[in-house]
Amino acid sequence: MRSAVEPLAASLAARRGSPAELAQIRAAFSHIAEEHATAQAAIEADISFHLQIFQAAHNRFLLPVSSVIRAALTISIPKTLKTFGGLQHSLKMHEAIIDAIEARDETRASEAAELLIRATYQRNFSLGGREPR
């Protein structure tokens, strides 16, 4: 589900997001990079980043899907935290998404989102937590 909608949302955010919305996405990314007192705080920081992108996409069909994305993230992020002890391993991939959105590069934003989702799936589900080759 995520791979079907998140790259589109990132692309649309690059095209349609206001400067204030892009600043919110950047702030959400910065929050991911912080140390978190609890696993729940780390999960909420990551979810906020993804949902801010959906808001900035300004697409009336994608917004309702964001609740499904939230549910998917509440499953995958704890697996990531358990396997890697934090979100540090995925920071560069998250940053590539916001960098592309800020550059208004729709293609690069979509590709960066797709890469993050594919890497997350490989790490958490298909490889039993091992790093993809």
Side-chain angles (χ1 to χ4, degrees):
M1 175 69 162
R2 289 183 63 198
S3 61
V5 295
E6 285 195 61
L8 175 61
S11 174
L12 290 173
R15 181 187 319 161
R16 299 176 177 170
S18 70
E21 289 166 329
L22 272 53
Q24 289 175 324
I25 299 168
R26 175 59 72 179
F29 167 75
S30 296
H31 192 56
I32 292 172
E34 295 171 1
E35 289 295 321
H36 300 284
T38 66
Q40 189 60 39
I43 291 166
E44 288 302 319
D46 199 345
I47 289 172
S48 175
F49 174 83
H50 293 275
L51 297 184
Q52 291 292 335
I53 292 170
F54 275 83
Q55 289 294 322
H58 294 278
N59 182 289
R60 64 186 175 135
F61 299 108
L62 287 178
L63 275 178
V65 175
S66 66
S67 62
V68 175
I69 298 304
R70 174 182 269 287
L73 290 168
T74 60
I75 293 168
S76 70
I77 297 169
K79 284 180 169 278
T80 298
L81 292 174
K82 182 178 178 185
T83 302
F84 297 100
L87 300 170
Q88 296 300 317
H89 73 283
S90 67
L91 279 180
K92 288 188 187 290
M93 289 182 278
H94 282 84
E95 187 170 33
I97 296 169
I98 182 56
D99 287 349
I101 291 171
E102 288 173 335
R104 303 294 186 174
D105 188 330
E106 297 172 42
T107 301
R108 196 165 48 112
S110 176
E111 290 170 351
E114 191 172 325
L115 176 63
L116 174 65
I117 294 162
R118 188 172 47 248
T120 299
Y121 180 81
Q122 288 175 335
R123 286 183 177 126
N124 290 344
F125 300 105
S126 67
L127 297 174
R130 296 186 318 268
E131 281 290 321
R133 295 178 191 244

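For Arg104, there are no salt bridge (charged side-chain N to carboxylate O under 4.0 Å, His left out) partners at least two apart in sequence or on another chain. Glu106 meets the side chain to side chain donor-acceptor pair (under 3.5 Å) test with Arg15; sequence neighbours excluded. With sequence neighbours left out, the salt bridge (charged side-chain N to carboxylate O under 4.0 Å, His left out) criterion links Glu111 to no other residue. Under the rule for a salt bridge (charged side-chain N to carboxylate O under 4.0 Å, His left out), Glu21 has no partner lying at least two apart in sequence or in another chain. Residues that satisfy the side chain to side chain donor-acceptor pair (under 3.5 Å) test with Arg108, not counting sequence neighbours, are Asp105.
Atoms CD1 and CZ, from Ile101 and Arg26 in turn, are 9.5 Å apart once rounded to the nearest 0.5 Å. Atom CG in Leu115 sits 11.0 Å away from atom OG in Ser90 (nearest 0.5 Å). Rounded to the nearest 0.5 Å, atoms CZ (Phe29) and CG (Leu91) are 5.0 Å apart. Of the inter-residue distances, the one linking Ile77 atom CD1 with Ile47 atom CD1 reads 4.5 Å to the nearest 0.5 angstrom. Between the CZ atom in Arg2 and the OH atom in Tyr121 there is a gap of 12.5 Å [rounded to 0.5 Å]. One distance of note links CD1 of Ile97 with OG of Ser110; it measures 10.0 Å at 0.5 Å rounding.
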Stepwise side-chain contact (heavy atoms from CB on, under 4.5 Å) test for Asn59 and Arg16: CA-CA 9 Å; Asn59 182 289; Arg16 299 176 177 170; 4.0 Å; yes

Apply side-chain contact (heavy atoms from CB on, under 4.5 Å) to the pair Gln88 and Ile32, showing each step before the final yes or no. CA-CA 8 Å; Gln88 296 300 317; Ile32 292 172; over 6 Å; no

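The two residues Ala14 and Ala109 come nearest to each other via the heavy atoms CB-CB, 4.3 Å. Minimum heavy-atom separation, Phe49 to Ala28: CA-CB, 3.6 Å. When all heavy atoms are compared, the tightest approach of Ile25 to Ala56 is CD1-CB, 3.9 Å. Of all heavy-atom pairs spanning Ala71 and Thr74, the tightest one is O-OG1, 2.6 Å.
Among residue pairs with one or both ends in residues 42-53, those qualifying as salt bridge (Lys or Arg N to Asp or Glu O under 4.0 Å) are Glu44-Arg70; sequence neighbours excluded.
Contact check for Gln122 versus Ile117: no side-chain heavy atoms found under the 4.5 Å cut-off. Side-chain contact between Gln52 and Ser48 is present, with at least one heavy-atom pair separated by less than 4.5 Å.
Taking a cutoff of 4.0 Å between a charged side-chain nitrogen and a carboxylate oxygen, Asp99 and Lys92 do not qualify as a salt bridge.
A side-chain donor-acceptor contact under 3.5 Å links Thr120 to the backbone of Leu116.
By the rule that hydrophobic residues join a cluster once side-chain heavy atoms approach within less than 4.5 Å of another member, Leu63 and Leu73 end up as members of separate clusters.
Leu62 pairs in a side-chain contact (heavy atoms from CB on, under 4.5 Å) with only one of the listed residues (Leu8, Ile53, Ile69), which is Leu8.
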